Amino acid sequence: MRTNIVAGNWKMNLNFEEADDLINNIVEFIEEESLENIGVIVCPPAVYLELATDHAQDNDLYVGAQNLSNHESGAYTGEISARMLSSMAVSYCIIGHSERRKYFNEDHAMLAEKVNRALHYDIVPIFCCGELLPEREAGTHFEVVKKQLEESLFHLQVGDFANVVIAYEPVWAIGTGVNATPDQAQEMHAFIRNLVADKYGAEPAENTSILYGGSCNAKNAKELFANPDVDGGLIGGASLKSDDFIKIIQSF
Ligand code: PGA
């Protein structure tokens with residue numbers, strides 16, 4: 001059975017004290033509730049990863065990075081490797097976020113390398129895919145997402161693919177306050193699951209968690225998560241306030 005997941009992508013937000021408060025509140029909630037089949041992940045900026053992994057000991061909170069280098073190690077000033085993350089108990093990493101694709105020119109081939117690096121060090125990639133607004137308007141959104149998966153994920157062997165989480169994030173919905181409708185999300189998630197089934201078979205497809213991201217918040221999460229192929233969310237803005245993030249976790 002696949003796991004439901006709520007992952008918070010903090011992006012480049014919060015100072016140390018704010019980060020500490022937010023994690024404390026989330027941990028308090030997780031320790032009080034016994035969450036069944038829901039994985040809660042926080043993906044803070046890299047400088048707060050150690051803070052997060054310290055808080056995540058002895059409870060069910062998981063920590064993810066927002067990025068990792070496509071290189072193994074060496075003279076890459078400012079970069080952070082999968083080996084480093086793995087040595088700090090970071091168990092997930094967002095890969096292929098549209099902001100990385102857009103502002104840092106990360107292309108399909110580089111993302112495939114990042115996926116490989118992550119898996120090599122037992123880090124679960126949260127692989128993001130999703131179309132731009134003009135692509136949706138032109139009706140090419142299925143093709144776009146298919147290509148993103150084919151070029152950066154579908155080179156994996158089935159055993160490795162079992163350790164991948166997919167996040168569908170239509171770029172027009174990210175940070176805009178305009179979320180995909182539950183029907184639009186379900187349609188794309190079912191399409192993605194079918195692609196996985198065609199490539200790897202029915203069982204891996206059934207077991208793959210596919211998250212929705214893009215203006216998912218405490219108000220719309222329930223409706224989005226109610227769809228059979230929506231297994232949770234990758235949450236940006238609404239993950240920065242513990243009340244909102246907790247409400248989203250409670251939306252299953
Ligand atoms: P948002 O961001 O929830 O602020 O739209 C989601 C994301 O970029 O992962």
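All ligand and atom numbering here is 1-based and tracks the order in the structure. The shown structure was predicted, so the numbers you read here are calculated from the model rather than taken from an experiment.
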Task: NZ/NE/NH1/NH2 to OD/OE distance under 4.0 Å, Glu72 and Arg117 - done: yes
Open item on the list: Side chains of Lys114 and Asn67 only: does a donor on one sit below 3.5 Å from an acceptor on the other?
Closed with: yes
Open item on the list: Quick one about Asn25 and Ser242 (side-chain donor to acceptor, distance below 3.5 Å, no hydrogens or angles considered), yes or no?
Closed with: yes
Open item on the list: According to side chain to side chain donor-acceptor pair (under 3.5 Å), does anything in residues 157-174 pair up with another residue at least two apart or in another chain? List the pairs.
Closed with: His97-Glu169, Glu131-Tyr168, Glu131-Trp172, Arg136-Tyr168
Task: Exceeds 12 heavy-atom contacts within 6.0 angstrom, atom CZ of Arg83 - done: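 Not buried by this count: 12 neighbours or fewer within 6.0 Å.
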Give me the pairs of N or O atoms, one from ligand 1 and one from the protein, that sit under 3.5 Å apart.
unit_1, atom_1, unit_2, atom_2, d
ligand 1, 2 (O), Lys11, NZ, 3.3
ligand 1, 3 (O), Gly236, N, 2.9
ligand 1, 4 (O), Gly237, N, 2.9
ligand 1, 5 (O), Gly175, N, 2.6
ligand 1, 5 (O), Ser215, N, 2.7
ligand 1, 8 (O), Lys11, NZ, 2.7
ligand 1, 8 (O), His97, NE2, 2.6
ligand 1, 9 (O), His97, NE2, 3.3
ligand 1, 9 (O), Glu169, OE1, 3.3
ligand 1, 9 (O), Glu169, OE2, 2.6

- [ ] Give the C-alpha distance, both sets of side-chain angles, the deciding distance and a yes or no for salt bridge (Lys or Arg N to Asp or Glu O under 4.0 Å) between Asp198 and Lys146.
- [x] CA-CA 12 Å; Asp198 287 347; Lys146 184 171 184 227; over 6 Å; no
